[in-house]
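Numbers for residues simply follow the sequence, beginning at 1.
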Amino acid sequence: MTIKKTLLASAVGATLLMAGMATAEPLRIGVEGAYPPFSKKEADGTLSGFDIDIALALCEGLNRECELVEQEWDGMIPALIAKKYDAIVASMSITEDRKKRVDFSAKYYQTPSRFVAKEGATYELTPEGTKGLKIGVLRGTTLQCHVEKAFPEADLRLYNTQEDVFADLVAGRLDMQLNNTLQAIDGFLNTDQGQGFAFLGENVDDPDCLGEGTGIAVRKGDPLAAELTAAIAAIRADGTYAEINDKYFDVDIYGK
């Protein structure tokens, strides 16, 4: 009887080990790498930022190795659907339109968006006040949705990276730009490039376009969404999230 139990235990152990190995395949995460402080590429080619650290922490919580896959923003969802990677951790807002194509985890942060223009600019953020004004946003974002809806007669300029938006703002090829407030502060206004620029108007209030927080996108029907939601709750509970948050920001960006 003892021998049978031992053999049974060994068989169960081997089965569990094989199952563990089967589920330990690298988790491929789509990231952008051009949206500091959420993601950026260092001089040595490595990726860093809030999104990157969150992705690595979630992979660790799921006992999976992280494989970071760089992707330009406007191709993020198509590449996910094409199975280039398993999930997107790239400051992607959860919107009804996107939920038609992908599933999302619960949010992992929620921050407002705001316009940036030259200091002293007096543009009125109304359909009439922005008529003909050159407004830059990242292509394929919730911000594009907002500008198209709220300012239909503005001259909307679309860009592949946020860095290009800021470059054209500085060069005078844009009158203003719209993006996440924290990214605008750390990625532009607090840099040498952003001197002479400031926020214009108040935080944008447009839940239909801007969504309900920032989540992690996965393919439709993938149970990974629930796993990532649980992993987000776990790093919130054990202090890992706070440690990552405080590395980049002076406030808790998780939101209410």
Side-chain angles (χ1 to χ4, degrees), residues 27 29-40 47-59 61 66 68-69 71-77 79-80 85-114 137-146 161-162 165 178-187 203-219 222 224-236 240-256:
L27 186 58
I29 304 292
V31 298
E32 186 182 8
Y35 196 64
F38 294 94
S39 66
K40 67 176 181 178
L47 291 160
S48 66
F50 178 81
D51 281 340
I52 306 302
D53 288 357
I54 288 291
L56 295 174
L58 293 175
C59 286
C66 247
L68 302 178
V69 182
Q71 173 66 50
E72 283 194 352
W73 177 260
D74 61 346
M76 277 287 179
I77 289 179
L80 172 67
Y85 35 74
D86 307 303
I88 298 171
V89 183
S91 294
M92 181 169 284
S93 298
I94 304 167
T95 68
E96 292 302 318
D97 184 60
R98 286 176 178 154
K99 285 194 284 189
K100 296 173 184 175
R101 304 174 66 196
V102 298
D103 286 343
F104 281 96
S105 70
K107 73 171 186 179
Y108 67 98
Y109 80 85
Q110 187 168 13
T111 54
S113 298
R114 199 171 173 188
V137 299
L138 199 59
R139 186 189 310 277
T141 61
T142 57
L143 306 171
Q144 177 182 344
C145 169
H146 173 71
T161 73
Q162 188 60 44
V165 180
L178 176 64
N179 75 321
N180 178 279
T181 53
L182 292 177
Q183 201 281 325
I185 292 169
D186 290 345
N203 292 339
V204 175
D205 182 18
D206 183 1
D208 289 341
C209 275
L210 302 185
E212 52 197 72
T214 299
I216 301 171
V218 302
R219 286 181 289 278
D222 193 333
L224 183 59
E227 296 174 29
L228 288 165
T229 292
I232 291 167
I235 65 172
R236 287 281 296 169
T240 301
Y241 184 97
E243 184 178 342
I244 295 171
N245 183 100
D246 294 349
K247 178 178 174 182
Y248 297 98
F249 310 109
D250 294 329
V251 296
D252 181 2
I253 71 167
Y254 184 77
K256 297 180 181 179

By salt bridge (Lys or Arg N to Asp or Glu O under 4.0 Å), which residues pair with [X], not counting sequence neighbours?
X	answer
Glu212	Lys99
Asp208	none
Asp74	Arg139
Asp206	Lys149

query = Any sub-3.5 Å donor-acceptor pair from Asp51's side-chain atoms to Ser39's backbone N or O?
reply =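 Here the side-chain-to-backbone pair does not exist.
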
key: Asn245 side-chain N/O to Ile253 backbone N/O, donor-acceptor pair under 3.5 Å   =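 Yes; at least one donor-acceptor contact below 3.5 Å.
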
Heavy-atom closest contact ([X] atom, [Y] atom, distance):
X	Y	value
Val31	Leu68	CG1-CD2, 4.1 Å
Cys66	Leu56	CB-CD2, 3.6 Å
Ser105	Leu228	CB-CB, 4.1 Å
Tyr109	Ser91	OH-OG, 2.6 Å
Pro37	Gly187	CD-N, 4.5 Å
Met92	Ala217	SD-CB, 4.0 Å

key: Those residues that, when tested against Tyr35, pass ring-ring contact (aromatic ring centres under 6.0 Å, His included) (two or more places apart)   = Phe38

My understanding is that only residues two or more places apart in sequence, or in another chain, count here; which of them pass side chain to side chain contact (heavy atoms under 4.5 Å, CB included) with [X]?
X	answer
Ala230	none
Thr95	Ser93, Asp97, Arg98, Thr142
Asp86	Leu27, Arg28, Arg219, Leu224
Thr181	Pro112, Arg114, Phe199, Asn203

Roughly how far apart are [X] [atom1] and [Y] [atom2], rounded to 0.5 Å?
X	Y	atom1	atom2	value
Ile77	Gln71	CD1	CD	11.0 Å
Ile88	Ile29	CD1	CD1	9.5 Å
Tyr254	Ile232	OH	CD1	7.5 Å
Ile94	Ile216	CD1	CD1	9.0 Å
Gln162	Asn179	CD	CG	4.0 Å
Leu58	Glu227	CG	CD	11.5 Å

task = Consider only side-chain N and O atoms of Asn180 and Thr111, and report whether a donor and an acceptor are under 3.5 Å apart.
result =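 Yes - a donor-acceptor pair under 3.5 Å links their side chains.
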
request  = State, without any angle test, whether Tyr241 and Asp252 hold a side-chain donor-acceptor pair at a distance under 3.5 Å.
outcome  = no

inquiry  = Students often mix this up, so state it plainly: with edges at 30° and 60°, are the rings of Phe50 and Tyr108 parallel, tilted or perpendicular?
reply    = parallel

Pairing residues for [X] by the side chain to side chain donor-acceptor pair (under 3.5 Å) criterion, not counting sequence neighbours:
X	answer
Lys40	none
Thr229	none
Tyr248	Asp53

ask   = Does some side-chain heavy atom of Ile244 sit less than 4.5 Å from a side-chain heavy atom of Ile54?
value = yes

message = Quick one, Tyr85 and Leu80 - any side-chain contact, counting heavy atoms below 4.5 Å?
response =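 When only atoms from C-beta onward are counted, Leu80 and Tyr85 do touch, with a gap below 4.5 Å.
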
